[in-house]
Engineer: 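A single structure is presented below for examination.
From a predicted model like this one, the values you see are computed outputs, not experimental measurements.
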Amino acid sequence: MPHESSRHGRGGVCILTLAACCAVLAGCERGPAQQGQAQQEPALPAARAAQAGNAAQVAAGAWSPPDKGCTALSPGFSSQQGSFRLLECLPKVDPDTVSGFDAMSPPVELRFQHRGPDGETSETYAVDADAYSAIVDDRLRPQFWGGHLVTLDLRYERGGLWLIGNWTGSSFVVTPYAYASGDEDGLDVKWDRDAFVVTTVPEGERRVTAHDSGGDAEPGYFMTESTTCTMATDAAVTHKLHLGLGTDGRVIELEYASAVPVGDGTHAACLIQAGRGDYASDWTRAGNGDTTVDIASEDDGVPGSQLRIRRNEAGDTYTVDFDGVAQAFCGNSDAIARQVVLKRDAPACVAVRMPGPDEEE
């Protein structure tokens, strides 16, 4: 199920809708659980705190009472970095104007909370009420990882949204990680060397890691391991290619953008996106190892497009051919590269081939 999300600054609210895919190229990516009780446990040693999922559930007795309409989705978690819990806050619905969850309902709030020596800190992620009612789980089960991460899997009939609340020491950074899956399948998640190893049937296995600093993503935001390059051509067109990679090095998502100046400091941009299992593209591996990606058109007047991805024998260089991109794509096809060569972890593209004179409109 596709989603769209937006995140505001610290203490703000993130909104989830059903409108569109939440992965955008940067710079242009049931009843509530009962509140259980458990015996209070001391802070966990570092080695034990790093164990995956649901380690160290503790009582939430020292927490301030939840606001009216809010319920703790688990008794809570504890580590040397403090105590953690996740609240589900259902909207107050006026029965005279709204019947159950519908488009008029206020959003459901999921509140990631931390308690430490300086008090309680909270970050809210808001989910569209209609989307929340489509979750197939009859009980939501938060998990705790690495001593500072709280996750929640919102599974739909096909695909879902995995929320990662990352406590950075002073605040939460919440990542809405959209994924594709089969009917009512969720994620298989493991914790390994300071990263999540996530597996789904369409996309395979990949590492999901926290962004450190630099670039467009907020520090602490989790992303699929990837490689990105940029290059400007003689025509002053800037190209950016981003490849999300599986643990075996194969490409599982692709985002390409070209930007051409049009005056007054503004740019006309063209964006091409595709991901395995995104329901808008079809990925096929040929006998020679090349991967062909067919992208369906959203415009009846524009045909679909086709990309081809090749990886060298060393596994560190990727060539993406855009010859099959529809000439009318974005309306400025002369700004779209015909080929981009990327070397893994190199910030500059190895090569960018532009269309020849006979190809330009």
Side-chain angles (χ1 to χ4, degrees), residues 2 20-21 23-29 180 202-204 224 226-246 248-260 267-313 315-344 348-361:
C21 176
V24 176
L25 179 63
C28 244
E29 211 140 35
E203 298 164 309
T224 299
S226 60
T227 185
T228 303
C229 75
T230 59
M231 178 175 282
T233 60
D234 293 339
V237 181
T238 300
H239 306 267
K240 187 172 184 177
L241 177 63
H242 172 92
L243 302 178
L245 305 176
D248 58 358
R250 69 172 183 159
V251 177
I252 61 174
E253 60 188 32
L254 178 149
E255 298 169 352
Y256 164 79
S258 65
V260 57
H267 292 75
C270 182
L271 176 65
I272 299 173
Q273 290 179 299
R276 295 180 187 269
D278 63 6
Y279 314 122
S281 61
D282 184 29
W283 296 58
T284 305
R285 184 179 176 86
N288 62 358
D290 290 3
T291 297
T292 300
V293 184
D294 292 289
I295 304 175
S297 173
E298 297 181 357
D299 188 339
D300 291 338
V302 178
S305 296
Q306 186 178 89
L307 315 176
R308 189 171 67 253
I309 304 170
R310 299 192 306 277
R311 182 163 54 135
N312 68 346
E313 291 185 5
D316 62 352
T317 302
Y318 299 83
T319 300
V320 181
D321 290 327
F322 296 94
D323 290 314
V325 174
Q327 288 295 302
F329 198 95
C330 290
N332 61 336
S333 61
D334 57 328
I336 301 175
R338 283 294 169 256
Q339 184 182 85
V340 178
V341 181
L342 174 153
K343 185 176 178 64
R344 187 165 183 172
C349 302
V350 175
V352 174
R353 177 172 63 84
M354 294 298 292
D358 58 336
E359 296 179 84
E360 298 182 4
E361 296 183 339

Engineer: By side chain to side chain contact (heavy atoms under 4.5 Å, CB included), which residues pair with Ala180, not counting sequence neighbours?
Structural biologist: Pro202, Glu203, Tyr279

Engineer: With Arg285, which residues qualify under side-chain hydrogen bond (donor to acceptor under 3.5 Å, both in side chains), at least two apart?
Structural biologist: none

Engineer: To the nearest 0.5 Å, tell me how far Leu342 CG sits from Leu243 CG.
Structural biologist: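 That separation rounds to 5.5 Å.
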
Engineer: Can you list everything that forms a side-chain hydrogen bond (donor to acceptor under 3.5 Å, both in side chains) with Thr291? Sequence neighbours excluded, please.
Structural biologist: none

Engineer: Using modelled atom types and a 3.5 Å cut-off, is there a donor and acceptor pairing between side-chain atoms of Arg276 and backbone atoms of Val251?
Structural biologist: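 Pair found, side chain donor or acceptor close to backbone of Val251.
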
Engineer: Taking only residues two or more places apart in sequence or in another chain, which ones pass side chain to side chain contact (heavy atoms under 4.5 Å, CB included) with Thr317?
Structural biologist: Asn312, Val341, Lys343

Engineer: Is Arg311 paired with Asp248 through a side-chain N to carboxylate O contact shorter than 4.0 Å?
Structural biologist: no

Engineer: With side-chain contact (heavy atoms from CB on, under 4.5 Å) as the criterion, how do Val325 and Leu307 come out once you've worked through the C-alpha distance, each side chain's angles and the decisive distance to 0.1 Å?
Structural biologist: CA-CA 7 Å; Val325 174; Leu307 315 176; 3.6 Å; yes

Engineer: Can you name the side chain to side chain contact (heavy atoms under 4.5 Å, CB included) partners of Ser281, sequence neighbours left out?
Structural biologist: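 Per chain and number, Ser281 pairs via side chain to side chain contact (heavy atoms under 4.5 Å, CB included) with Ala274, Asp278, Trp283, Val293, Ile295.
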
Engineer: Walk me through whether Leu245 and Tyr318 qualify under side-chain contact (heavy atoms from CB on, under 4.5 Å).
Structural biologist: CA-CA 11 Å; Leu245 305 176; Tyr318 299 83; 3.8 Å; yes

Engineer: Who passes side-chain hydrogen bond (donor to acceptor under 3.5 Å, both in side chains) against Asp282, sequence neighbours left out?
Structural biologist: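 So Asp282 forms no side-chain hydrogen bond (donor to acceptor under 3.5 Å, both in side chains) with any residue.
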
Engineer: Sequence neighbours excluded, which residues qualify as side chain to side chain contact (heavy atoms under 4.5 Å, CB included) partners of Gln306?
Structural biologist: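 So Gln306 forms a side chain to side chain contact (heavy atoms under 4.5 Å, CB included) with Thr292, Asp294.
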
Engineer: Considering non-hydrogen atoms only, spot the tightest contact between His242 and Ser226 and give its length.
Structural biologist: CE1-OG, 3.1 Å

Engineer: List for me each residue that meets side-chain hydrogen bond (donor to acceptor under 3.5 Å, both in side chains) alongside Arg310, sequence neighbours excluded, and say none if there are none.
Structural biologist: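 Listed in chain order: Asp321.
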
Engineer: Work out which heavy atom in Leu254 is nearest to a heavy atom in Leu241; give both atom names and the distance.
Structural biologist: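 Distance-wise, the nearest heavy atoms are CG-CD1, 4.2 Å.
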
Engineer: Work out which heavy atom in Val237 is nearest to a heavy atom in Ser258; give both atom names and the distance.
Structural biologist: CG1-CB, 4.1 Å

Engineer: Please work out which of the three classes, parallel, tilted or perpendicular, describes the rings of His239 and Tyr256, given edges at 30° and 60°.
Structural biologist: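 Parallel.
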
Engineer: Quick check: closest heavy atoms across Cys349 and Val340, and the distance to 0.1 Å?
Structural biologist: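 Reported closest heavy-atom pair: SG-CG1, 4.0 Å.
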
